[in-house]
Amino acid sequence: MAKTGADLLIERLIEWGVDTIFGLPGDGINGLFESLRTHQDQIRFVQVRHEESAAFMAAGYAKFTGKLGVCMATSGCGGFHLMNGLYDAKYDGQPVLAITGHTFHDISGSLYQQDADLVKVFMDLAAYNERIMGPDHVVNVVDQAIRTALGQRTVSHISFPKDLQDWTAGDDTRSMPNIPNHTSVLKVSTEISPSLAQLQRAADVINAGEKVAILAGRGCLDARDEVTQLADLVAGPIIKALLGKAVVPDDSPYTTGGIGLLGTAPSQDAIEECDTLIMIGTHFPYTEYFPKPGKVRTVQIDLDPTHIGLRTPVEIGLIGDSKTVLTGLLPLIKPKQDRSFLEKAQERMNFWRELMTTRGTQTDIPMKPQVIPHLISPLLDSNAIITCDCGNNTTWAARHIQLRDEMQFSTSGLLATMGSGLPYAISASIAFPNRQVVALVGDGGFTMLMGEIATAVKYKLPIKVFIFHNNSYGQIKWEQIVMEGNPEFGVELQPIDFAAYARACGATGFTIDDPKDAPDVIRKALAHDGPVIVDAIVDQNEPPMPGKITTNQAMEFAKSLVRGEEDRYEIIKNVIKSQVEEAVATKGRSLLTLIPGIGK
């Protein structure tokens, strides 16, 4: 029996090693779903409650497995819904293939139902973006879409007209140049290394430096040993971009943790005081946290040449994957005898860790949000996968979850979109059914795609979701106050009983509002064999302040209070308490020294 166009597509995906597709059924992809049904022993379909989740899951699947993520949606509206999750994959450099339906090929462009030209819609989004023209076109398109997604670590899109999914090769006429079997399934290595001369030039710059710092991102997640060896040789700290949190364990003597708004004061000190910076596998976006141009000599290692010099002036750029480049570079680095720069960073980091312990063990009511991740962290398995959403919860996760051993961590990086934490956790649990998966999310981001708890229940995924419940879009609130100098507006949320919602979906729900109850509830949640939501009621006026405050941030903060911030007295109380602790613990600049009328 002749194969349909849909069969040809699904079978080619299987040949490429695709074993999971995330999506939602619809009229425009019924042919593809029939093929998925008949091939379900070879490829798994995961049904979601919203197509945006399918795209997030494909992105998360790619992040945690290193393989191609695949999502599927119907024509028109289904394809539109994919876009946020697909932009997340594009911006974080993840290989994802999106497959969408399209209306009947011979009424396209005639205002038929769901007749949206998704190829045009996806023009900015997808590096490869093509409509299938018939069964004999399928294999060519699928192969090139996957080659592009894997080779460029980005998004590819295939649009498949509804009727052509059911056509067979006998209904089509193969053109003369379209020779059968001329395209093949071939996965190529991305191991790339610069020339010895380029490596030596980079080594000369590094060897000349007296205070060398390393900024590591997601591009060196598979080069942990090499990055650690480099830090030891140059006697310099490893500063981690958020998506590079798992590059080295958080208790490593070589790391000062994160950078930026979510980062640590010791990391910012190291950036400000170094004379040489080595950037590896990162294009961390916030240029204001880099050394001032001209102040340091910079060597950058990246697989993508368009990233070289993107954020800060670079003297030497090395193109290649981090592990391969570092393997060639390390023998050329001369061990530094003076280790005072690293030792100073380590001393500061010891103070910072003490500060985080102080904040994570507070017994105040309303409960401080830091308490939750501080208690969760030591209870995590050595190979746990942690996801988080974007918002205040990201700050608490970044600072208080201490990665070790083979743990993995991710969030939406460059796009920084809300709503990704729960779908990421689902895809991680599907990819690794025997590993502990924990999601740390805010109440704002969670409610965007909260229907996916039903997905976790349906597939019996034992994910644990901890919600920082502060009845506000907390990060936006603090941006209004600290960045803009405005009182909060439009950020208050209507409360939801998330534990009751969990039970309504068939999951297990707990509520915590008192820190003395938190250890017992967290242990019960982590031990439960099934999906769990923990609704943690936390103080909405606890500030996620940067590790190091700038004068401008302090001034804007003061202006917002003067202009009538509704909760200003509670905010001032919390800020004064936390900043006194920080000034003592880090022996550095705090908000108190900068706010007029408070500092001296």
Side-chain angles (χ1 to χ4, degrees), residues 87 89-94 124 127 151-154 190-223 226-227 230-231 233-234 236-244 247 256 258-263 267-330 332-333 413-416:
Y87 267 108
K90 175 183 177 176
Y91 284 5
D92 283 356
Q94 299 305 312
D124 175 67
Q152 298 183 26
R153 301 167 314 286
T154 191
T190 57
E191 294 180 5
I192 301 172
S193 181
S195 68
L196 181 59
Q198 291 173 310
L199 290 169
Q200 187 61 61
R201 287 177 61 209
D204 290 343
V205 170
I206 296 168
N207 290 333
E210 296 181 358
K211 298 178 179 179
V212 183
I214 299 166
L215 177 57
R218 62 175 173 80
C220 45
L221 286 173
D222 64 345
E226 290 77 11
V227 172
L230 179 64
L233 287 169
V234 303
I238 300 167
I239 300 157
K240 299 188 290 185
L242 184 58
L243 294 189
V247 169
T256 52
I259 186 175
L261 286 172
L262 314 178
S267 285
Q268 195 58 42
D269 288 335
I271 283 285
E272 292 173 2
E273 296 171 8
C274 71
D275 60 25
T276 306
L277 179 65
I278 309 171
M279 296 174 60
I280 312 174
T282 181
H283 57 293
F284 175 75
Y286 300 105
T287 55
E288 62 269 31
Y289 290 96
F290 282 90
K292 292 181 179 179
K295 183 183 176 184
V296 304
R297 304 179 75 183
T298 301
V299 172
Q300 185 173 359
I301 299 169
D302 206 288
L303 192 57
D304 188 338
T306 67
H307 293 168
I308 303 294
L310 178 65
R311 308 300 187 199
T312 191
V314 170
E315 187 169 342
I316 304 293
L318 300 177
I319 307 302
D321 69 285
S322 299
K323 190 177 184 70
T324 304
V325 174
L326 288 175
T327 299
L329 181 63
L330 286 170
L332 306 177
I333 303 299
L414 203 58
L415 188 61

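All heavy atoms count here, side chains included; hydrogens, waters and symmetry mates do not.
- Remark: side-chain polar atoms of Arg311 are paired, donor with acceptor, to backbone N or O of His283 under 3.5 angstrom.
- Within the 3.5 Å criterion, the main-chain N or O of Asp321 finds no donor-acceptor partner in the side chain of Glu191.
- In plain terms, the two heavy atoms of Ile333 and Leu233 that are nearest each other are CG2-CB, 3.9 Å.
- In plain terms, the two heavy atoms of Gly217 and Val247 that are nearest each other are O-CG2, 3.5 Å.
- At least one donor-acceptor pair under 3.5 Å links the side chain of Gln94 to the backbone N or O of Asp92.
- Sorted by first and then second residue, the pairs that involve residues 204-213 and meet side chain to side chain donor-acceptor pair (under 3.5 Å), not counting sequence neighbours, are Gln200-Asp204.
- The side chain to side chain contact (heavy atoms under 4.5 Å, CB included) search around Ser195 returns Ala197, Gln198, not counting sequence neighbours.
- In this view, Ile316 and Arg201, Ala202, Val205, Val299, Leu318 satisfy the side chain to side chain contact (heavy atoms under 4.5 Å, CB included) rule, not counting sequence neighbours.
- Panel note: side chain Ser267, backbone Ile239; no donor-acceptor pair is recorded below 3.5 Å.
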Determine, step by step, whether Thr287 and Thr312 satisfy the side-chain contact (heavy atoms from CB on, under 4.5 Å) criterion, reporting the C-alpha distance in whole Å, the side-chain angles of both residues, the deciding distance to 0.1 Å, and the verdict. CA-CA 7 Å; Thr287 55; Thr312 191; over 6 Å; no
What's the verdict on side-chain contact (heavy atoms from CB on, under 4.5 Å) for Lys240 and Ile259, showing C-alpha distance, side-chain angles and the deciding distance? CA-CA 6 Å; Lys240 299 188 290 185; Ile259 186 175; over 6 Å; no
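- When every heavy atom of Tyr289 is checked against every heavy atom of Ile271, the shortest pair comes out as O-CG2, 3.1 Å.
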Could you please spell out the steps behind the side-chain contact (heavy atoms from CB on, under 4.5 Å) verdict for Asp124 and Tyr87? CA-CA 10 Å; Asp124 175 67; Tyr87 267 108; 2.5 Å; yes
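- Exactly one residue among Ile278, Ile214, Leu277 makes a side-chain contact (heavy atoms from CB on, under 4.5 Å) with Ile206. That residue is Ile278.
- The shortest heavy-atom contact between Ser193 and Thr324 is CB-CG2, 3.6 Å.
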Derivation and outcome, side-chain contact (heavy atoms from CB on, under 4.5 Å), residues Val227 and Ile238: CA-CA 8 Å; Val227 172; Ile238 300 167; 3.7 Å; yes
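- Looking at every heavy atom in both residues, Thr276 comes nearest to Gly209 through OG1-CA, 3.3 Å.
- Side chain of Lys323 to main chain of Leu221: no donor-acceptor pair is present (N/O by atom type, distance under 3.5 Å, no hydrogens or angles).
- Just one residue in the list Leu230, Ile301, Ile280 forms a side-chain contact (heavy atoms from CB on, under 4.5 Å) with Cys220, and that residue is Ile280.
- The two residues Phe284 and Phe290 have their closest heavy-atom pair at O-CE1, 3.4 Å.
- With values rounded to the nearest 0.5 angstrom, Lys295 atom NZ is found 6.5 Å from Glu272 atom CD.
- At a threshold of 4.5 Å between non-hydrogen side-chain atoms, the residues Pro194 and Val325 count as touching.
- In this structure, the side chains of Thr298 and Met279 come closer than 4.5 Å at one or more pairs of heavy atoms.
- The distance from the CD1 atom of Ile308 to the CG atom of Asp302 is 5.5 Å, given to the nearest 0.5 Å.
- Considering NZ of Lys90 and CD of Gln152, their distance stands at 10.5 Å, rounded to 0.5 Å.
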